[in-house]
Q: 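Got a structure here, written out as structure tokens. Questions coming.
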2 protein chains.
Amino acid sequence: MATILVVDDEPRIVQLVRDYLEHGGFTVLTAVDGPTALRTARTGRPDLVVLDLGLPGLDGLDVARSLRREGEMPIIMLTARTEESDKLVGLELGADDYLTKPFSPKELVARVRAVLRRAEGAAAPSDVIRVGTDVEFDVPRMEARIGGRRVDLTKSEFQIVALMARQPGRVFTRAQLLDAVRGVAFESYERAIDAHIKNIRKKVGQQYIETVFGVGYRFAEPNQV
Amino acid sequence: MATILVVDDEPRIVQLVRDYLEHGGFTVLTAVDGPTALRTARTGRPDLVVLDLGLPGLDGLDVARSLRREGEMPIIMLTARTEESDKLVGLELGADDYLTKPFSPKELVARVRAVLRRAEGAAAPSDVIRVGTDVEFDVPRMEARIGGRRVDLTKSEFQIVALMARQPGRVFTRAQLLDAVRGVAFESYERAIDAHIKNIRKKVGQQYIETVFGVGYRFAEPNQV
DNA sequence: CAACCCCTTCACAACTCCCTCACAACTCCC
DNA sequence: GGGAGTTGTGAGGGAGTTGTGAAGGGGTTG
């Protein structure tokens, strides 16, 4: 399920929104100020950001601008104010949706779903997973680029390797990888993952996927010197 | 810029949609009931109508029927209901697109643009899609040029191949391609895309359209050396 | 109103890819 | 070093996907 970052300086509101989103099956990250929000967005890679415009210090609009610059993360804006100018600024920054306080948490959840549904098909150009300097996985093209060389992968292969490449170094169990492929993890298929891994290694290169004995696999972290 | 008529019995929604559309550069007319909607459509001659199905009194479907009878006005339907039967009725009446509430206003604007683009074959007069050095798709002429050779395509064929050629390499699902042709993707028509692809390949050349097994199709990227 | 074009469907052939199997190679722990 | 358990790997069956020619039907044109 998707991860949502909720940013608001009122802890009460953050908690309320968190409750509703989690109840709706989302994973929720939170932040109560701008700098924390940006940091969390970078590390947590949420699928969508719910952002209060009225943040103290680093303003909500600044946060939105920074997020926009860094990638195509959908943003739903909240504001206490109803002035026309705010709406316009929000729109110019490319907010994907807009709610004025007081809002119904239920409606917020509905809008989150709607925006995510749309974002899924939109596949922004930034849907490229980069690992180190010469490995890329281009989601809308469903292809890998290894040092400039284009590599065709099958649907399952791509889903597996892309999942791992999003978090290099993290270990994934076969069940988790299966989940990415089939939606449901079925114990009996787990050895099939081994076969996929073999094929992926053959295509992208042995060195990129490491075996963690007794646990699963992980994408190798790029050599940082 | 185009004029859009927005019909909904909830003033709050009308206002929201108006804001977004006007910000997008459209001229907006509004109506909160069926009879007014029909009158406004006759006098204001909008380029497109956004119509709530759940109107009280004269029903949204009646309004749609009347509009259809009077001319080729594109219609985007809104509905609170999600039942399949509603969709069918909407489609039979020739809705050009369909959104269920709650919807994101930004998405609505995007769909309005998409429908208008479809409605007028004359998107932008100078719209020529070039891929590599010897492939061109001339939108206003609705014809392809392959290495100087002129190729006639049918409307559907052109819309499909032009959509793909705008982003060479990107994979499109059958549903997305159907969307380009019909405005609404209907599962049962998906194999029809295969037939179109076959015909396109026969006309422009096999090598330009690649099959992505289990996903869809893509336009081949030009050879970059 | 006949001729035509285009879209869709159908049926079957051809193909791709996923999974399984079997066995070899390896790892870990004692 | 040995044994139990885990992983690597090549081959092959089969389910599912795609290619394709033919045919039906709706709409348009002359």
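Chain letters run A, B, ... following the sequence lines, proteins first and then strands; every chain starts at 1. It should be emphasised that the depicted structure is a prediction, and the values quoted were computed from it without experimental measurement. Atoms considered below: every heavy atom in the structure, side chains included; atoms not considered: hydrogens, waters and symmetry mates.
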Q: For B/I160 and C/dC7, what is the distance between atoms CD1 and P respectively, to the nearest whole Å?
A: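 Atom-to-atom, B/I160 to C/dC7, this comes out as 8 Å.
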Q: Show every ring pair (Phe, Tyr, Trp, His ring centres under 6.0 Å) that has at least one partner inside residues 147-180 of chain B, sequence neighbours left out.
A: none
Q: Let's see if you get this right: which residues in residues 204-215 of chain A place a heavy atom under 4.0 Å from DNA chain D?
A: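 When residues 204-215 of chain A is checked for heavy atoms under 4.0 Å from DNA chain D, the hits, listed by number, are A/T211, A/V212, A/F213, A/G214, A/V215.
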Q: In whole Å, what is the span from the NE2 atom of A/H196 to the C1' atom of D/dT9?
A: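 From A/H196 NE2 to D/dT9 C1': 14 Å.
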Q: Quickly work out the A/F158 CZ to C/dC17 C1' distance and round it to whole Å.
A: 17 Å
Q: With a 4.5 Å heavy-atom cut-off, do A/M164 and A/I209 have their side chains touching?
A: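 A side-chain contact under 4.5 Å exists here.
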Q: Rounding to a whole Å, what distance do you find between A/I197:CD1 and D/dG10:C1'?
A: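 So the two atoms are 17 Å apart, to the nearest Å.
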Q: Give me the distances for all protein-to-nucleotides 21-29 of chain D N/O pairs that come in under 3.5 Å?
A:
from   : atom 1 : to     : atom 2 : distance (Å)
D/dG21 : OP2    : B/K202 : NZ     : 3.4
D/dG21 : N7     : B/K198 : NZ     : 2.7

Q: Strictly below 4.0 Å, N to O, side chains only: are B/D152 and B/R145 in salt-bridge contact?
A: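 No, B/D152 and B/R145 are not salt-bridged.
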Q: Is B/T154 near enough to C/dC6 that one of its side-chain N or O atoms lies under 4.0 angstrom from OP1 or OP2?
A: no
Q: Quick one: list whatever passes side-chain contact (heavy atoms from CB on, under 4.5 Å) with B/T211, sequence neighbours left out.
A: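 B/T211 satisfies side-chain contact (heavy atoms from CB on, under 4.5 Å) with B/R201, B/Y217 only.
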Q: Are the side chain of A/Q176 and the backbone of A/T173 linked by a donor-acceptor contact shorter than 3.5 Å?
A: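 Answer holds: yes.
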Q: For B/E136, which of B/R150, B/R149, B/R130 qualifies under salt bridge (charged side-chain N to carboxylate O under 4.0 Å, His left out)?
A: B/R130
Q: Please state how far atom CD1 in B/I200 lies from atom P in D/dT18, giving the value in whole angstrom units.
A: 16 Å
Q: Let me know, please, whether A/S156 or B/L153 comes out on the 5' side of the other along DNA chain C by nearest nucleotide.
A: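 Result: B/L153.
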Q: So which nucleotide from D/dT20, C/dT8, C/dA22 ends up closest to the side chain of A/R191?
A: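 The answer is C/dA22, which lies nearest to the side chain.
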Q: Of all residues at least two apart in sequence or in a different chain, which pass the ring-ring contact (aromatic ring centres under 6.0 Å, His included) check with B/F137?
A: B/F219
Q: Distance check: side-chain N/O of A/Y217 vs OP1/OP2 of D/dT6, anything under 4.0 Å?
A: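 Negative; the distance criterion is not met.
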Q: Tell me: CG of A/L178 to C1' of C/dC19, nearest whole Å?
A: 11 Å
Q: Is A/M142 close to A/L153 at the side-chain level, that is, under 4.5 Å between some pair of heavy atoms?
A: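 The answer is no, as the side chains (C-beta and beyond) never meet within the 4.5 Å cut-off.
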Q: Quick test of your reading of the model: are B/K155 and B/E157 salt-bridged, counting only N-O distances below 4.0 Å?
A: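 So B/K155 does not pair with B/E157 through a salt bridge.
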Q: What residue among A/T30, A/V17, A/V50 forms side chain to side chain contact (heavy atoms under 4.5 Å, CB included) with A/I4?
A: A/V50
Q: Would you kindly give the NZ-to-P distance between A/K203 and D/dT9, to the nearest whole Å?
A: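 Whole-Å distance recorded here is 15 Å.
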Q: How does DNA chain C read in dot-bracket, base by base from 5' to 3', with Watson-Crick or G-U pairs under 3.5 Å and | used when the partner is on another strand?
A: ||||||||||||||||||||||||||||||
Q: Check the distance between D/dT6's P and A/I193's CD1 and give it to me in whole angstrom.
A: 17 Å
Q: Among the nucleotides C/dT8, C/dC19, D/dT20, which one has an atom lying closest to any side-chain atom of B/D194?
A: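 The nucleotide sitting nearest to the side chain is D/dT20.
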Q: How close do B/D47 and B/L116 get, counting heavy atoms only, and between which atoms?
A: O-CD2, 3.9 Å
Q: Starting at the 5' end of DNA chain C and moving along, which residue's nearest nucleotide shows up first, B/N199 or A/E157?
A: B/N199
